[in-house]
A.B. asks: 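Before I ask anything, let me first share the structure, which is written out below as structure tokens.
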Amino acid sequence: MNYRHIYHAGNFADVLKHAVLARIIRYAKNKEKAFRVLDTHAGIGLYDLSSEEAQKTGEWRDGIGRLLKAELPAPVAELLEPYLSAIRELNPTGAIKLYPGSPKLARMLFRPQDRLSAMELHPEDYHRLHNLFEGDFQVRATQLDGWLALGAHLPPKEKRGVILVDPPFEEEGEYGRLVSGLTNAYRRFAGGTYCLWYPIKKGAPIKAFHEELQALDIPKMLCTELTVRSDRETTGLTGSGLVIVNPPFTLKDELHTMLPVLKSVLAQDRFASQRAFWLHGE
Ligand code: SAM
């Protein structure tokens, strides 16, 4: 396990993932009844962008750094409000230093009745995650294989759930693991809203991944992708995607409003692109 999210926190891929996660949680709060967020690959929860590691790559500058400086059209600012207000709350002076990872962002958006189960396998990162939420009765951090949690922790006792599956993609076969993980989890809890993250880079088997998902018997599956540059001269990450099962019915329209603006803010060359479409259903 070499992957450490501190090097990438707040980058363009985090912006898409966390903006969408915040929209999903915002929507879940429309009903009074409690829900649970299951974050299978949680990371440390809170990132210091002034740390040596974050400064070394500086990835956040082309992600959240750009977004915070951008002048956003009012409808987009409104849609990004849950995400950006959490960041503003952590950085009251205006200059960004602290960036919320997915578990912290979810927690910041909770009402008193909502709950978080966060899994992290890396011993050091788990320790930091655990310390971050120590004494918070709305959160349970566990050092557990997130893929196992997808089976063992579903369905949640609240019977309402948002499940984020955000693996590091440092091993071969992670796209396939997402498909089999979703298949097993959906069998246990068909009513959950699942959000699966995947990387886009040269040679990535995205088409086959989409086809495998389409072959599953899952009726509502939305997909969104944002690439920020061409893959002609790099083998690194050029974009990212999210597959959202049982999305809020408003999400596709929201993405159509937000994505063109996110694309123009985050674009690193003229090959940047964005899309949101149904993989299955609607
Ligand atoms: N979801 C986080 C966020 O958005 O802020 C970022 C997570 S990062 C992409 C992936 C994390 O998964 C890393 O912290 C890594 O240590 C952890 N990890 C790797 N393999 C794991 C496994 N099998 N189960 C749980 N966590 C794992």
A.B. asks: Indicate the atoms forming the closest heavy-atom contact of Ala9 with Trp60, along with that distance.
C.D. replies: O-CB, 3.3 Å
A.B. asks: Who passes side chain to side chain contact (heavy atoms under 4.5 Å, CB included) against Val165, sequence neighbours left out?
C.D. replies: Thr40, His41, Trp147, Leu150, Ile163, Pro167, Leu178, Leu196
A.B. asks: Is the centre of the His122 ring less than 6.0 Å from the centre of the Tyr3 ring?
C.D. replies: no
A.B. asks: Taking C-beta and beyond as the side chain, do Leu255 and Leu222 meet within less than 4.5 Å on heavy atoms?
C.D. replies: yes
A.B. asks: Could you check Asp114 against Arg111 for side chain to side chain contact (heavy atoms under 4.5 Å, CB included), going step by step and ending with a plain yes or no?
C.D. replies: CA-CA 6 Å; Asp114 305 322; Arg111 305 159 302 179; 2.9 Å; yes
A.B. asks: Following the transitive rule for hydrophobic clusters with a side-chain heavy-atom cut-off under 4.5 Å over Ile, Leu, Val, Met, Phe, Trp and Tyr, establish whether Ile6 and Ile87 coincide in one cluster.
C.D. replies: yes
A.B. asks: What's the spacing between Phe271 CZ and Asp231 CG if we round to 0.5 Å?
C.D. replies: 10.0 Å
A.B. asks: If only side-chain N and O atoms count, and only distance matters, is there a donor-acceptor pair under 3.5 Å linking Thr238 with Thr227?
C.D. replies: no
A.B. asks: Using the six-membered ring wherever Trp is involved, compare the ring planes of Tyr186 and Tyr194 and label them parallel, tilted or perpendicular (cut-offs 30° and 60°).
C.D. replies: tilted
A.B. asks: Following the transitive rule for hydrophobic clusters with a side-chain heavy-atom cut-off under 4.5 Å over Ile, Leu, Val, Met, Phe, Trp and Tyr, establish whether Tyr126 and Leu164 coincide in one cluster.
C.D. replies: no
A.B. asks: What distance separates Arg187 CZ from Leu154 CG, expressed to the nearest 0.5 Å?
C.D. replies: 13.0 Å
A.B. asks: Compare all side-chain heavy atoms of Phe12 with those of Leu226 and state whether any distance is below 4.5 angstrom.
C.D. replies: no
A.B. asks: Taking the side chain as every heavy atom from C-beta outward, state whether Met221 and Ile244 have any pair of such atoms under 4.5 Å apart.
C.D. replies: no
A.B. asks: Do Glu59 and His8 have side-chain N/O donor and acceptor atoms under 3.5 Å apart?
C.D. replies: yes
A.B. asks: With sequence neighbours left out, write down each residue that passes salt bridge (charged side-chain N to carboxylate O under 4.0 Å, His left out) with Arg177, or none if nothing qualifies.
C.D. replies: Glu171, Glu174
A.B. asks: Would you say Glu120's side chain and Gly43's backbone share a donor-acceptor pair under 3.5 angstrom?
C.D. replies: yes
A.B. asks: Take the angle between the ring planes of Phe169 and Trp197 and call it parallel below 30°, perpendicular above 60°, tilted in between.
C.D. replies: perpendicular
A.B. asks: Could you tell me if the side chain of Leu90 sits less than 4.5 Å from the side chain of Ile96, heavy atoms only?
C.D. replies: no
A.B. asks: Count the heavy atoms of every other residue, nucleotide or ligand shown that sit under 6.0 Å from CG of Asn30, and state whether that count exceeds 12.
C.D. replies: yes
A.B. asks: Roughly how far, to the nearest 0.5 Å, is CG of Asp14 from CG of Leu67?
C.D. replies: 12.0 Å
A.B. asks: How far apart are the closest heavy atoms of Leu259 and Ala276, and which atoms are they?
C.D. replies: CD1-CB, 3.8 Å
A.B. asks: Between the side chain of Thr224 and the main-chain N/O of Arg275, is any donor-acceptor distance below 3.5 Å?
C.D. replies: yes
A.B. asks: Less than 3.5 Å apart, any donor N or O on the side chain of Gln138 or Gln113 sitting next to an acceptor on the other?
C.D. replies: no
A.B. asks: First locate atom OG of Ser117, then atom CG of Asp39, and finally report the distance between them rounded to the nearest 0.5 Å.
C.D. replies: 9.5 Å
A.B. asks: Are Met108 and Phe110 grouped together when hydrophobic residues (ILVMFWY) are joined by side-chain heavy atoms under 4.5 angstrom apart?
C.D. replies: yes
A.B. asks: With side chains defined as the heavy atoms from C-beta onward, is the minimum distance between Leu148 and His153 less than 4.5 Å?
C.D. replies: no
A.B. asks: Indicate the atoms forming the closest heavy-atom contact of Glu170 with Asn2, along with that distance.
C.D. replies: OE1-N, 3.1 Å
A.B. asks: Locate the shortest heavy-atom distance separating Pro103 from Gly45; write the atom from each residue and the value.
C.D. replies: CG-CA, 3.8 Å
A.B. asks: Does Lys97 have any side chain to side chain contact (heavy atoms under 4.5 Å, CB included) partners at least two apart in sequence or in another chain, and if so, which?
C.D. replies: Asp48, Ser50, Asn91
A.B. asks: Whether the side chain of Asn184 engages the backbone of Gly181 through a donor-acceptor N/O pair (distance < 3.5 Å, no angle test) should be reported.
C.D. replies: no
A.B. asks: Could you go through the side chain to side chain contact (heavy atoms under 4.5 Å, CB included) check for Leu46 and Leu98 one step at a time?
C.D. replies: CA-CA 7 Å; Leu46 188 61; Leu98 295 177; 4.3 Å; yes
A.B. asks: For Phe249 and Leu251, what are the C-alpha separation, side-chain angles and deciding distance, and is it a side chain to side chain contact (heavy atoms under 4.5 Å, CB included)?
C.D. replies: CA-CA 6 Å; Phe249 84 96; Leu251 188 61; over 6 Å; no
A.B. asks: Under 4.5 Å between side-chain heavy atoms, counting indirect links through other Ile/Leu/Val/Met/Phe/Trp/Tyr residues: same cluster for Val139 and Leu121 or not?
C.D. replies: no
A.B. asks: As a quick check of understanding, evaluate side-chain hydrogen bond (donor to acceptor under 3.5 Å, both in side chains) for Gln55 and Arg61, giving each step before the final call.
C.D. replies: CA-CA 9 Å; Gln55 289 291 338; Arg61 294 178 195 280; 2.8 Å; yes
A.B. asks: Is the closest side-chain heavy-atom distance between Lys33 and Arg160 below 4.5 Å?
C.D. replies: yes
A.B. asks: Could I get the full list of side-chain hydrogen bond (donor to acceptor under 3.5 Å, both in side chains) partners for Asp136, not counting sequence neighbours?
C.D. replies: Arg107
A.B. asks: Please find out if less than 6.0 Å separates the ring center of Tyr198 from that of His210.
C.D. replies: yes
A.B. asks: Answer yes if the side chains of His5 and Asp125 hold a donor-acceptor pair under 3.5 Å, and no otherwise.
C.D. replies: no
A.B. asks: Could you tell me whether the side chain of Glu124 reaches within less than 4.5 Å of the side chain of Arg4, counting heavy atoms only?
C.D. replies: yes
A.B. asks: Could you tell me if the ring centre of Tyr27 sits under 6.0 Å from that of Phe35?
C.D. replies: no
A.B. asks: Taking Arg232's backbone N and O only, do any of them form a donor-acceptor pair with Ser230's side chain (distance below 3.5 Å, no angle check)?
C.D. replies: yes
A.B. asks: Ignoring hydrogens, what is the shortest heavy-atom contact between Gly161 and Phe189? Give both atom names and the distance.
C.D. replies: N-CZ, 3.7 Å
A.B. asks: Which is it for Tyr47 and Tyr7 under the ring-ring contact (aromatic ring centres under 6.0 Å, His included) test, yes or no, and what are the steps along the way?
C.D. replies: CA-CA 9 Å; Tyr47 297 89; Tyr7 291 99; over 10 Å; no
A.B. asks: Of all the heavy-atom pairs spanning Asn246 and Gly191, show the shortest one and how long it is.
C.D. replies: ND2-C, 3.8 Å
A.B. asks: Determine yes or no for a side-chain-to-main-chain donor-acceptor pair under 3.5 angstrom, with Lys201 supplying the side chain and Thr234 the backbone.
C.D. replies: no
A.B. asks: Taking the side chain as every heavy atom from C-beta outward, state whether Glu81 and Arg88 have any pair of such atoms under 4.5 Å apart.
C.D. replies: yes
A.B. asks: Starting at NZ of Lys220, measure out to CH2 of Trp278 and round the result to the nearest 0.5 Å.
C.D. replies: 7.0 Å
A.B. asks: Around atom NE2 of His127, are there more than 12 heavy atoms of other residues, nucleotides or ligands at under 6.0 Å?
C.D. replies: no
A.B. asks: Assess whether side chain to side chain contact (heavy atoms under 4.5 Å, CB included) is satisfied between Ile64 and Leu49, documenting all intermediate values.
C.D. replies: CA-CA 11 Å; Ile64 191 61; Leu49 299 181; 4.3 Å; yes
A.B. asks: What pairs with Arg188 under salt bridge (charged side-chain N to carboxylate O under 4.0 Å, His left out), at least two apart in sequence or on another chain?
C.D. replies: none
A.B. asks: Check side-chain hydrogen bond (donor to acceptor under 3.5 Å, both in side chains) between Arg115 and all other residues, then give those that pass, not counting sequence neighbours.
C.D. replies: none
A.B. asks: What is the distance from atom CG of Leu72 to atom CD of Glu78, rounded to the nearest 0.5 Å?
C.D. replies: 12.0 Å
